[in-house]
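Notes follow the structure.
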Amino acid sequence: MKISSHKITTMGLLIALSIILTRIASLRIAIGGVEGIRIGLGRLPIILGGIIFGPLAGGLIGAFSDLLGYFVNPIGVYMPHFTLTSALTGIIPVTILILMRKNEPNIFDLGIAITAGQVITSIILIPYFLNILFGIPWKVLMLPRIVSEPIHIFIYTYTINIILKRNILIAKSNKI
């Protein structure tokens with residue numbers, strides 16, 4: 001991965017945006033004294049950064065978003081499990097697009113990649129970690145996630161598709 005000042009700056013802005021959308025502009029629902037569900041768009045910048053800059057950048061954006069977000073606005077005790085999950089949020093969708101050999105993915109390809117990433121991280125890993133760390137029952141965690149994740153996936157896919165289309169148009173207009 002070639003690192004330029006433009007890439008570092010953009011990654012920093014995506015990290016800041018993720019922290020703001022996750023820690024400040026989201027709805028948190030406590031279950032058993034622990035944040036069990038968070039409804040917001042904090043993962044959007046992480047996924048977008050991974051798709052634009054690659055899996056390593058997506059992982060870094062996700063990990064730094066979680067780490068810095070914890071220091072800015074701590075919610076309970078720090079758990080590295082959730083930093084790993086946040087990093088995987090940026091790694092999995094772009095890795096799937098790479099495996100599909102999609103350099104300029106359409107909305108369907110984005111939907112598949114983002115859905116796979118969200119199922120692994122938000123529907124499987126986060127409830128698993130909440131269960132083993134805090135003893136929150138699976139039934140309590142799964143129903144709200146099964147309802148909210150399709151909405152998140154739709155919003156992420158639609159928004160990222162619009163951003164990528166505009167990026168491609170800008171890049172093509174600069175070549176003329």
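- The side-chain hydrogen bond (donor to acceptor under 3.5 Å, both in side chains) analysis of residues 87-102, with sequence neighbours excluded, yields no pairs.
- Of all heavy-atom pairs between Ser5 and Thr9, the closest is O-OG1, 2.7 Å.
- Using a 4.5 Å heavy-atom cutoff, the side chains of Thr159 and Leu44 are in contact.
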Atom pairs and distances, donor-acceptor, side-chain atoms in residues 59-78, under 3.5 Å, two or more places apart:
unit_1 : atom_1 : unit_2 : atom_2 : d
Ser65  : OG     : Ile61  : O      : 2.6
Asp66  : OD2    : Thr83  : N      : 3.4
Asp66  : OD2    : Thr83  : OG1    : 2.5
Tyr70  : OH     : Gly76  : O      : 3.4
Tyr70  : OH     : Tyr78  : N      : 3.4
Asn73  : ND2    : Arg23  : O      : 3.3
Tyr78  : OH     : Thr83  : OG1    : 2.7

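- Through side-chain heavy atoms spaced under 4.5 Å, either directly or across other Ile, Leu, Val, Met, Phe, Trp or Tyr residues, Ile24 is tied to no other residue.
- Pairing each heavy atom of Ile98 with each of Pro55, the nearest pair is CD1-CD, 3.9 Å.
- Within the structure, side-chain hydrogen bond (donor to acceptor under 3.5 Å, both in side chains) contacts touching residues 112-130 (residues at least two apart or in different chains) are Arg43-Ser122, Gln118-Ser122, Gln118-Glu149.
- When side chains are defined from C-beta on, Leu130 counts as touching Phe82, because their heavy atoms get closer than 4.5 Å.
- Residue pairs meeting the salt bridge (charged side-chain N to carboxylate O under 4.0 Å, His left out) criterion with at least one partner in residues 70-79, sequence neighbours excluded, do not occur; the list is empty.
- Residues Ile123 and Met142 form a side-chain contact, since some pair of their non-hydrogen atoms from C-beta on lies under 4.5 Å apart.
- Considering CZ of Phe53 and OG1 of Thr10, their distance stands at 4.5 Å, rounded to 0.5 Å.
- Between atom CG of residue Leu84 and atom CD1 of residue Ile91 there is a gap of 8.0 Å, rounded to the nearest 0.5 Å.
- Between the side chain of Thr157 and the backbone N or O of Ile153, at least one donor-acceptor pair lies under 3.5 Å.
- A donor-acceptor distance shorter than 3.5 angstrom exists from the side chain of Ser18 to the backbone of Gly42, with no hydrogens or angles considered.
- In terms of hydrophobic clustering, with Ile, Leu, Val, Met, Phe, Trp and Tyr side chains grouped at heavy-atom distances under 4.5 Å, Leu56 and Ile51 are assigned to a common cluster.
- Taking CG of Leu21 as the start and OG of Ser26 as the end, the distance is 8.5 Å to the nearest 0.5 Å.
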Exercise for the section: Kindly indicate, with the supporting measurements, whether the criterion side chain to side chain contact (heavy atoms under 4.5 Å, CB included) is fulfilled by Leu110 and Ile160. Expected result: CA-CA 8 Å; Leu110 284 171; Ile160 290 172; 4.2 Å; yes
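- Under the salt bridge (charged side-chain N to carboxylate O under 4.0 Å, His left out) criterion, no residue pair touches residues 127-138, with sequence neighbours excluded.
- Rounding to the nearest 0.5 angstrom, the gap separating the CD1 atom in Ile52 from the CG atom in Leu14 is 6.5 Å.
- Closest of all the heavy-atom pairs between Ile92 and Ala116 is CG2-C, 4.4 Å.
- The distance from atom OH of Tyr156 to atom CD1 of Ile46, rounded to the nearest 0.5 Å, is 8.5 Å.
- Closest non-hydrogen pair, Asp109 versus Asn106, comes out as N-OD1, 2.8 Å.
- The shortest side-chain heavy-atom distance between Pro105 and Leu164 falls under the 4.5 Å cut-off.
- Here His81 contributes atom NE2 and Ile132 contributes atom CD1; the two are 5.0 Å apart, rounded to the nearest 0.5 Å.
- Taking every heavy atom of both residues into account, Asn131 and Ile136 meet most closely at ND2-O, 2.8 Å.
- A side-chain donor-acceptor contact under 3.5 Å links His152 to the backbone of Gly40.
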